[in-house]
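In what follows, chains are A, B, ... by sequence order, proteins preceding strands, each numbered from 1. Hydrogens, waters and symmetry mates are skipped; everything else that's a heavy atom, side chains included, is used.
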Amino acid sequence: MAKKFYVTTPIYYPNDIPHIGHAYTTIAADILARWHKIKGDEVFFLTGTDDHGKKIAQAAEKAGKTPKRFTDDLIPKFKNAWKKLNIEYDRFIRTTDKDHEKIVSEVLQKVYDKGDIYKGVYEGFYCTGCEAYYTEKDLVDGKCPVHKTKAEKLKEESYFFKLSKYQKPLLKFYKENPDFISPKKRKQEIINRVKEGLRDLSISRANFDWGIPLPFDKKHVCYVWFDALFNYYSATRQKGKEKFWPADVHLIGKDISWFHCVYWPAFLISAGIKCPEKVFSHGWWTFDKEKISKSRGRVINVDELISIAGVDSARYFLLRATPFGDDGDFSKEALIKRHNGELANKLGNLILRVSALIEKNRIEKTENKLLRKLKVKQITEFIDNYQFDKALSDIFSFIDVCNEYVQNKKLWETKDKKVLFELKESILKIADLLWPFIPESSEKIKKQFSAKKIKKGEILFKKIKWKP
RNA sequence: AGCGAGGUGGAGCAGUCUGGAGUGCUCGUCGGGCCCAUAACCCGGAGGUCGCGUGGUUCAAAUCCCGCCCUCGCUACCA
């Protein structure tokens with residue numbers, strides 16, 4: 001029987017422009033999904049948007065639209081970005097989807113009945129200019145960081161989730177599931193903070209209505225995290241999808257690891273639902289060594305990312321340049337260097353020279369000794385352990401071996417049919433392994449090299465001229 | 001301040017968990033080869049006291065332990 005594999009990205013905030021950060025998580029999820037498809041697993045890959053919340057309601061009002069209409073208009077931006085990046089997700093969920101709203105409502109009731117939700121008072125510092133609450137530490141000398149006006153301390157009725165009650169169950173859960181928080185370096189960070197104690201969490205608001213109403217008090221709507229996190233679960237309550245829960249991995253940016261590693265399992269334990277297998281937090285990209293900042297224009301959006309060297313090169317670069325989980329630096333120069341040096345000079349060149357030689361000569365079936373030098377087992381292990389950079393490094397080492405092989409065997413003189421066969425088969429294997437990373441190019445290579453008559457093809461990766 | 005991560009030839013990394021000659025990779029640089037191929041490919045060289053203490057453990061430390069310096073990240077209702 002086929003194994004199941006369920007991978008998710010966070011649900012993104014629809015008012016954003018899809019940028020390198022969104023793309024990174026989503027590409028990684030796509031790679032994992034494709035990888036498991038190759039292995040023959042039954043795969044479910046979920047992404048989507050978080051449509052609720054006060055900020056959206058306000059932005060919609062400004063635009064003169066209903067919140068629903070406003071978000072409807074924003075969704076294509078994300079769907080198009082994923083299409084351009086060759087992301088093959090199975091479902092695009094929105095927190096406004098009816099099935100999701102129904103599940104959240106049911107779970108809220110369940111957790112309420114259990115006694116884990118109580119009515120309390122939320123205190124915060126309110127800035128009229130922002131029409132938003134700040135925590136004390138956000139304020140600068142008691143003033144709003146944006147408007148520099150004095151923030152008012154306000155109290156508001158709110159429902160709270162008894163997070164404090166789950167400190168011990170969470171610590172127990174982490175102990176019993178040592179790989180739940182990944183990579184390792186995030187684990188101790190989270191555990192130490194949980195050990196310091198947990199405060200109950202406000203999960204409702206009564207001063208706006210763009211959200212899911214609490215089933216036991218319709219004056220309140222569910223506040224962001226409770227609503228948003230459950231998307232991962234509600235997507236599996238559809239007919240035929242039940243078997244996918246619990247998720248095999250939630251891919252997230254390290255900024256939201258606290259919510260996924262603490263709130264999320266606490267909610268699930270309370271609701272009596274199984275917890276996901278793993279939450280993997282990847283690192284952040286800086287841009288030319290500077291922190292990405294929207295206000296200073298230091299952000300790479302998806303269109304820019306693709307325009308530099310194409311989709312496959314962008315996908316390749318993001319996963320090759322930095323260990324998944326560490327921070328990385330993005331620059332146009334670094335991307336072009338990888339594109340030229342690795343995809344064009346090594347892989348592209350190999351494809352071209354071998355296809356040209358085969359076109360002019362013939363191949364003859366033989367035992368493939370060359371292929372033994374490809375460390376398939378090692379590469380498999382790397383990908384299964386989210387070490388994409390190392391997997392790619394090993395695949396490209398084998399490409400080097402192939403280029404050496406052509407050279408050492410002086411193929412253009414000997415025209416050895418058996419050696420050409422070995423190369424052909426090896427290239428097909430390389431294409432298979434690279435498919436999750438660079439699907440478009442991989443499919444072209446496979447088509448070219450499995451044809452009856454192999455011909456010298458188009459250049460796959462054109463070199464890009466670059467002057468720093 | 002607390003917690004976490006990192007400091008390896010000119011640049012970027014791997015190697016550290018499970019100690020074994022400073023090993024490896026990419027870029028750059030110098031020299032050679034080849035001409036099938038995208039001025040691509042292949043071979044070889046130069047270049048590092050592996051942040052510091054000339055600290056501890058050990059036959060042996062980039063790797064384990066201690067101290068210090070520097071850089072970066074996280075510190076909760078903010079998606």
query = When you check the phosphate oxygens OP1 and OP2 of B:C78, does a side-chain N or O of A:Y223 lie under 4.0 Å from one of them?
reply = yes
message = Rounded to whole Å, how long is the line connecting atom OH of A:Y405 with atom P of B:C34?
response = 22 Å
request  = Taking atom CD of A:E359 as the centre, report whether more than 12 heavy atoms of other residues, nucleotides or ligands fall under 6.0 Å from it.
outcome  = yes
query = Could you state the NZ-P distance from A:K424 to B:C36, rounded to the nearest angstrom?
reply = 24 Å
message = Using the ring centroid of each side chain, check whether A:F324 and A:Y24 are separated by less than 6.0 Å.
response = yes
Nucleotide nearest A:W412 (side chain, heavy atoms from C-beta), chosen from B:C36, B:A76, B:U38 = B:C36
query = Taking the nucleotide of RNA chain B with the closest heavy atom to each, which residue, A:L460 or A:S397, is nearer the 5' end?
reply = A:S397
message = Checking base pairs now: Watson-Crick or wobble, both atom distances under 3.5 Å. What partners B:C72?
response = B:G4
Whole-Å C1' distance, B:A76 and B:G2 = 15 Å
task = Report yes if at least one side-chain N or O of A:K346 is closer than 4.0 Å to OP1 or OP2 of B:A40; otherwise report no.
result = no
task = Using only side-chain N and O atoms of A:K187, determine if any of them is under 4.0 Å from OP1 or OP2 of B:C74.
result = no
request  = Using whole Å, report how far CG of A:L411 lies from C1' of B:G33.
outcome  = 17 Å
request  = Calculate the interatomic distance between A:F396 atom CZ and B:C27 atom C1'; express it in whole Å.
outcome  = 16 Å
Per A:R193 side chain, nearest of listed nucleotides B:A79, B:A37, B:C74 = B:C74
ask   = Contact class for A:I256 (heavy atom, under 4.0 Å): base, sugar-phosphate, or nothing?
value = nothing
ask   = Looking across every strand, which nucleic acid part, if any, lies under 4.0 Å from A:A344 by heavy atom: base, sugar-phosphate, or nothing?
value = base
inquiry  = Quick check on A:K462: does its NZ atom have over 12 non-hydrogen neighbours (other residues, nucleotides or ligands) under 6.0 Å away?
reply    = no
ask   = Rounded to the nearest Å, what distance is computed from the NZ atom of residue A:K337 to the P atom of nucleotide B:G28?
value = 7 Å
key: Spacing of A:K409 atom NZ relative to B:A37 atom P, expressed in whole Å   = 21 Å
ask   = How long is the line joining CG of A:N340 and C1' of B:U38, in whole Å?
value = 9 Å
query = OP1, OP2 of B:C36 versus side-chain N and O of A:K415: anything below 4.0 Å?
reply = no
key: Nucleotide nearest A:N403 (side chain, heavy atoms from C-beta), chosen from B:U38, B:C41, B:C78   = B:C41
key: A:K390 side-chain N/O to B:G15 phosphate OP1/OP2 under 4.0 Å   = yes
key: Centroid separation A:H22 to A:F78 less than 6.0 Å   = yes
query = NZ of A:K360 versus C1' of B:C35: gap in Å, rounded?
reply = 11 Å
task = Identify the residue among A:K79, A:R94, A:K77 that makes a salt bridge (charged side-chain N to carboxylate O under 4.0 Å, His left out) with A:D72.
result = A:R94
inquiry  = Could you check whether A:Y159 and A:Y223 have their ring centres less than 6.0 Å apart?
reply    = no
